[in-house]
Structure formats: structure tokens, C-alpha cells
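Within every chain, numbering begins at 1; the chains are lettered A, B, ... in the order of the sequence lines, protein sequences first and strands thereafter.
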Protein chains: 2
Amino acid sequence: MYEKKIPKDFDCGMSITLEIIGGKWKPCLIDSISKGIRRPSELHRNHPEASKRVLNLQLKELEDYGVISKIIYPVLPPKVEYFLTELGESLLPLTRHMEKWGSDYMPVFNELQRNKSKVDAEAVVFG
Amino acid sequence: MYEKKIPKDFDCGMSITLEIIGGKWKPCLIDSISKGIRRPSELHRNHPEASKRVLNLQLKELEDYGVISKIIYPVLPPKVEYFLTELGESLLPLTRHMEKWGSDYMPVFNELQRNKSKVDAEAVVFG
DNA sequence: CGGTATCCAAGCGGATACTG
DNA sequence: CAGTATCCGCTTGGATACCG
């Protein structure tokens, strides 16, 4: 397992928030789980671009931070389900807010991506 | 300069939002600029832990994404000022939201950090 | 099915020195 | 003061194979 070598500074709330939902798949996972997609295999089917390993890593982080909890059914084949904790539920308005802002900005953003090579003529210069 | 080699998928709004404010110092910069701290040297003084170079990188990204704009005064010594664009202003409710959630969660979070080595007894196991 | 081990590429950010 | 060049280490996450 990896071991962090640089201590992080969680002085401001923002850094904590980003620590928790800043991972590449964490917001998606929170969203999926909130919609009732609970089992690892389902989650994986829901995000095929991510490997099992990475999803597990991010699920583990969410679990460690108390955002989700898991139920392990002692059956064969194994069965596991994830749930949002109360804390996780409290994140939903925020993730929706982020999702909405990004969606609103998406048209402009995609335009920018297309025009990447153009000159940066935005800077205002006084003469 | 760095060159991204893996195309990112900006299908959902969330990924766009994280792309824009996900950097280590970007939210801080947005916040500072919104409070009238406009000049690079001021911003640096405001976040001494970050190097000039990194702040510049993140400012540049924010500028490229149209979140901030800059005014270059042709004077000596050089003088530059950053401003939030309309888009940048539209981000403030979101950054405040993130800041607030993180602050609310901070006590629990710090408690978790302290108890890191304890057993993970949260998983519910049915027998 | 769920989870982990191993290996590795890319990204991101820190330190420093330097230019105009 | 503002910005850039260089170098380099840590972290993130992707690919694959394997075990219970």
C-alpha cells in the first residue's frame, strides 16, 4: 500500500472538502450510491473506465472518512453493499451544486477546449 | 511546460468543476481575489507555503478557463492585478458551500486523523 | 464476486536560480 | 515585481494477475 510522506495541511474547510471528494471517481461513486447502486460489481459496470482496483481505493477512502459504510454478507459468492452515511447524505447538496455549476459551464468549457491553440488575447494592457 | 498526454473525459459537470477548482491553491486564490487581494506579490504573501511558480501555474489555469482576468500595467517595477470574471463570481457560492461543508466536518475529520491507527470496526457483518 | 499485490506511467507540485 | 526554466520527488491512478 502507498504511504503518504508529505503531511497535508487541513487548516481550511476547503482543503478538507477537496480531500474527501477530490478523487477522480469519488463524486461519481457518491452519486451512484445515492441512487441505489450499491454493489461493487454494479458500481464497476456503472463506471467501466475505472479499474476495480481504483474504485476500491476510492471506496475505501470514502469509507475511512465516514462518508459511506459497507455491509458484508457472509455468503458465497460474496456480496457487499455500500450505503451513504448521514455524513454522506449531507454531501449530496454540495455534489449536486458542483455538478450543476459544471454543467452550466460545460458549453463554454468545450468551446475553450476546441480553441486551445488560439492566441491568448484576454489580457488587458494599458498603454 | 508540462503537456498532458492522457485525454480527460469531461462528460459530467462534476469533472469540469473539479478540473477548474481542483488544484491545490485554486480555491484559495479565488477566495483571496474575491476579497480584493489582486497582485501576485500580495497573493504570495497571503499563501507563503506555495511557491511563486505554483501560484503562477494555477493563476494561469484559472485565467485560461476564464475564471479570472488580469491587467498588466506597463510600469516599472511591473504591476499586475487579477480580477474575477463574471464566471469567477458565479463560482463564489460554490466555493463558499465547499468551504462551509469542510468546516462543519472539520472536528470529526481531525478526530479521525488522530485515531488513524485504530481498528476499522465500522463494517457491519451479518452472521 | 470481492479484494489485493505488483508494477509502472503520468501528473502535480515543491525548490531554486535566473531574466526583464 | 512578475514571470520562467530546470530539476526532481511524491502521489495518483491505470493494467494485470492472482487469491479467497
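When each of dG14(C), dG3(C), dG3(D) is scored by its nearest atom to the side-chain atoms of Tyr82(A), the top-ranked nucleotide is dG3(C). Across dA2(D), dG20(D), dT4(C), the shortest atom-to-atom separation from the side chain of Pro78(A) is found for dG20(D). Relative to the side chain of Arg53(A), the nucleotides dG2(C), dC7(C), dG3(D) differ in distance, and dC7(C) lies closest. Checking dG14(D), dC18(D), dT4(D) against every side-chain atom of Val54(A), the shortest atom distance belongs to dG14(D). Set against dG14(D), dC1(C), dA15(C), the side chain of Ser51(B) has dA15(C) as its closest nucleotide.
Residues Gln58(B) and Lys52(B) each lie close to DNA chain C; by heavy-atom proximity, the contact nearer the 5' end of the strand is made by Gln58(B). Of the two residues near DNA chain D, Glu61(A) and Arg45(B), the one whose nearest nucleotide lies more 5' is Arg45(B).
Tyr73(B) is not connected to Leu76(B) by any chain of hydrophobic side-chain contacts under 4.5 Å among Ile, Leu, Val, Met, Phe, Trp and Tyr, and they are in different clusters.
For dC1(C), neither phosphate oxygen OP1 nor OP2 lies less than 4.0 angstrom from any side-chain nitrogen or oxygen of Arg39(A). Phosphate contact (OP1/OP2 of dT12(D), side-chain N/O of Lys24(B), threshold under 4.0 Å): absent. For the pair Lys70(A) and dG3(C), the criterion of a side-chain N or O lying under 4.0 Å from OP1 or OP2 is met.
In this structure, Asn56(B) atom CG and dA17(C) atom C1' are separated by 15 Å, rounded to whole Å. The CD1 atom of Ile71(A) sits 14 Å away from the P atom of dG2(C) (whole-angstrom rounding). Rounded to whole Å, atom C1' of dG14(C) lies 17 Å from atom NE2 of His47(B). Rounded to whole Å, atom C1' of dG3(C) lies 12 Å from atom CD of Glu63(A). As rounded to whole Å, 12 Å separates atom P of dA2(D) from atom CG of Leu76(B). Note: CD1 (Ile72(A)) to C1' (dG2(C)) measures 9 Å, nearest angstrom. Atom NE2 of His44(B) is separated from atom P of dG3(D) by 13 Å (rounded to the nearest Å). Here the C1' atom of nucleotide dG11(C) and the CD atom of Glu19(B) are 11 Å apart, to the nearest Å.
Val80(A) comes within 4.0 angstrom of sugar-phosphate atoms only, judged by non-hydrogen atoms across all strands, and of no base.
A salt bridge (charged side-chain N to carboxylate O under 4.0 Å, His left out) check over residues 77-102 of chain B, counting only residues at least two apart or in different chains, returns the pairs Lys100(B)-Asp104(B).
The shortest distance between side-chain heavy atoms of Ile33(B) and Leu62(B) does not fall below 4.5 Å.
Between Trp101(B) and Tyr105(B), the ring-plane angle classifies as tilted under the 30° and 60° cut-offs.
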Legend entry - Met98(A) vs His97(B), side-chain contact (heavy atoms from CB on, under 4.5 Å): CA-CA, chis, key distance, verdict: CA-CA 9 Å; Met98(A) 295 175 72; His97(B) 195 165; over 6 Å; no
